[in-house]
Visitor: 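This is the structure I want to talk about, given as structure tokens.
Worth knowing before you read on, the calculation uses all heavy atoms, side chains too, and leaves out hydrogens, waters and symmetry mates.
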Amino acid sequence: MANSSGLNTTGILSRVTVAAITAALVATTTSAVAAEAPKPAEKAVSAAAQALAAPKANKAAASAAEADFRYLGAVSGPHMYWYAPNSAGGYEARELQTSDWDIFKNAQQADNDGDGVAEDLWAWTNDGTLVYADGDVEDSGITVGKGWNIYNKVLVPGDLGGAPAPDMLGRDASGKLYLYLGYGDGKLTGRTLVGGGWGQYTQIAGVGDLSGDGKADIVARDGSGALYLYKGTGNYKAPFAARTKIGGGWNAFNSLVGVSDLDFDGRADLIARDTGGKLYRYSGTGNAAAPFKPKALIGTGGWNTYRFMF
């Protein structure tokens with residue numbers, strides 16, 4: 001199983017964080033390098049930390065919303081870009097942050113200090129190393145653990161276990177879903193089995209409360225294109241209620257990303273990229289029976305250039 005180093009085995013993103021992650025990653029690779037050169041793991045931590053060098057979010061604006069404030073991260077080849085929310089439900093023009101992201105296969109943002117700004121970052125290297133950087137603390141990059149390539153999907157939807165810190169979910173190749181509780185400093189507890197059968201889903205996403213009950217939820221799309229809501233319970237032993245169907249036709253999209261509150265109405269939202277490269281926002285309603293408003297086009301094309309978004 002994937003492990004977490006040193007753990008019990010039972011503005012938005014700052015320049016500080018980006019530098020910390022890059023440093024942590026450089027230390028984890030095993031390729032032959034000169035003695036003075038950074039190691040792969042150190043490079044990974046450093047690259048992740050460098051990715052958090054985006055301008056700080058306006059915390060006054062962020063505090064007006066219940067959901068946290070975050071940029072959209074998008075990676076094309078080795079190039080990592082930030083998109084800042086434009087206060088109108090979409091994004092400003094992209095800003096190139098770093099070109100060291102060829103070593104990463106995915107990443108997730110988090111608001112570990114609960115200040116309403118997601119300035120922290122977990123990132124996974126191609127060799128399965130999980131690294132973390134805190135956007136508010138200098139030299140905070142750490143290697144959390146190795147072996148994370150056992151998972152084909154990892155996400156950080158928010159607090160699922162009842163404690164203040166965001167938690168992590170990982171799905172393995174057999175379709176089993178596991179929960180890792182977060183300590184709030186990037187480190188994680190040992191995993192707890194949520195259940196099997198999650199291999200039926202081609203997309204899983206979630207950042208925040210979609211149902212209006214104050215608990216973090218996720219959505220999952222099956223092979224037929226049906227999208228389901230899994231309401232959070234706040235109980236880490238059984239973190240989700242039985243699924244309820246949101247609707248069909250979601251196979252039009254090749255990527256679903258929980259982005260917290262993009263339209264600044266205090267509710268968590270979802271973005272969806274279609275197979276033609278257009279980007280849409282689904283604004284949250286806070287109503288579990290109908291969690292999203294009709295889609296709104298926020299990107300007219302070209303979004304398929306990104307191998308992953310977070």
Side-chain angles (χ1 to χ4, degrees), residues 1-10 13 17-31 38-52 73 75 78 80 98 100-112 118-135 137 139-161 165-173 176-194 204-207 236 257-258 307-310:
M1 60 177 277
N3 65 75
S4 302
S5 300
L7 301 179
N8 182 349
T9 58
T10 62
L13 304 172
T17 305
V18 178
I21 293 257
T22 303
L25 279 185
V26 174
T28 60
T29 61
T30 57
S31 305
K39 291 183 172 63
E42 296 171 342
K43 181 180 180 182
V45 172
S46 177
Q50 288 177 14
L52 292 179
V75 178
M80 190 276 195
T98 177
D100 294 327
W101 270 56
D102 52 323
I103 58 178
F104 293 106
K105 65 187 302 181
N106 215 324
Q108 291 280 289
Q109 300 173 51
D111 176 19
N112 268 317
E119 63 253 298
D120 310 314
L121 185 69
W122 275 288
W124 295 262
T125 63
N126 294 323
D127 71 354
T129 300
L130 176 64
V131 299
Y132 173 82
D134 182 337
V137 180
D139 298 325
S140 65
I142 62 171
T143 296
V144 179
K146 297 185 178 182
W148 286 77
N149 274 346
I150 64 173
Y151 299 122
N152 56 31
K153 180 66 179 180
V154 183
L155 67 155
V156 180
D159 165 29
L160 296 172
D167 304 318
M168 187 178 294
L169 294 169
R171 182 188 64 186
D172 68 16
K176 291 180 180 178
L177 189 69
Y178 294 91
L179 171 63
Y180 291 83
L181 300 180
Y183 285 121
D185 59 1
K187 297 179 182 178
L188 304 164
T189 65
R191 67 183 186 178
T192 299
L193 178 65
V194 175
I204 307 175
V207 178
Y236 79 94
V257 183
R307 56 188 176 93
F308 68 89
M309 299 185 294
F310 62 96

Visitor: Within a reach of under 6.0 Å around NZ of K176, are more than 12 heavy atoms found that belong to other residues, nucleotides or ligands?
Guide: no
Visitor: Short question: side chain of W101, backbone of V75 - any donor-acceptor pair under 3.5 Å?
Guide: no
Visitor: Supply the atom-to-atom distance I204 CD1 to K153 NZ, rounded to the nearest 0.5 angstrom.
Guide: 7.0 Å
Visitor: Counting only N and O atoms by type, is there a donor-acceptor contact under 3.5 Å from the side chain of Q108 to the main-chain atoms of V156?
Guide: yes
Visitor: Atom CG in L193, atom CZ in R191: separation rounded to 0.5 Å?
Guide: 8.0 Å
Visitor: Which label fits Y151 and Y180: parallel for a plane angle under 30°, tilted from 30 to 60°, or perpendicular past 60°?
Guide: perpendicular
Visitor: Find the distance between CG (N152) and CZ (R171) and round it off to the nearest 0.5 Å.
Guide: 4.5 Å
Visitor: Are D111 and E119 close enough, and set up right, to give a side-chain contact (heavy atoms from CB on, under 4.5 Å), and what steps lead you there?
Guide: CA-CA 6 Å; D111 176 19; E119 63 253 298; 3.9 Å; yes
Visitor: Counting C-beta onward and ignoring hydrogens, is there a side-chain heavy-atom pair between W122 and N112 closer than 4.5 Å?
Guide: yes
Visitor: For a side-chain contact (heavy atoms from CB on, under 4.5 Å) check, start with the C-alpha distance between V131 and F104, then their side-chain angles and the critical distance, and finish with the verdict.
Guide: CA-CA 10 Å; V131 299; F104 293 106; 4.2 Å; yes
Visitor: Just by distance, do the side chain of D172 and the backbone of I150 share a donor-acceptor pair under 3.5 Å?
Guide: no
Visitor: Is there a donor-acceptor pair closer than 3.5 Å between any side-chain N or O of N126 and the backbone N or O of D102?
Guide: yes
Visitor: Near F308 CZ, under 6.0 Å, is it more than 12 heavy atoms from other residues, nucleotides or ligands?
Guide: yes
Visitor: Quick one, K105 with N149, criterion side-chain hydrogen bond (donor to acceptor under 3.5 Å, both in side chains). Give me CA distance, side-chain angles, the key distance, then yes/no.
Guide: CA-CA 10 Å; K105 65 187 302 181; N149 274 346; 3.1 Å; yes
Visitor: Taking all heavy atoms of T129 and all of D127, pick out the closest pair and write down the distance.
Guide: OG1-OD1, 3.0 Å
Visitor: Counting N and O atoms only, with roles assigned by atom type, does the side chain of T143 sit under 3.5 Å from a partner on the main chain of G145, one being a donor and the other an acceptor?
Guide: no
Visitor: Roughly how far apart are Y236 OH and T192 OG1, rounded to 0.5 Å?
Guide: 6.0 Å
Visitor: Starting from the C-alpha separation in whole Å, work towards a yes-or-no answer on side-chain contact (heavy atoms from CB on, under 4.5 Å) for Y132 and D134.
Guide: CA-CA 7 Å; Y132 173 82; D134 182 337; 4.1 Å; yes
Visitor: Are the side chain of K187 and the backbone N or O of G182 linked by a donor-acceptor pair below 3.5 Å?
Guide: no
Visitor: Can you name the nearest heavy-atom pair linking A107 to L121, along with the distance?
Guide: CB-CD1, 4.1 Å
Visitor: Just by modelled atom types, is the L181 backbone N or O under 3.5 Å from a matching donor or acceptor in the T189 side chain?
Guide: yes
Visitor: Please give me the minimum heavy-atom distance between L169 and V194, naming the atom from each residue.
Guide: CD2-CG2, 4.3 Å
Visitor: With a 3.5 Å distance limit and no angle check, can you tell me whether D167 reaches the backbone of D159 through a side-chain donor-acceptor pair?
Guide: no
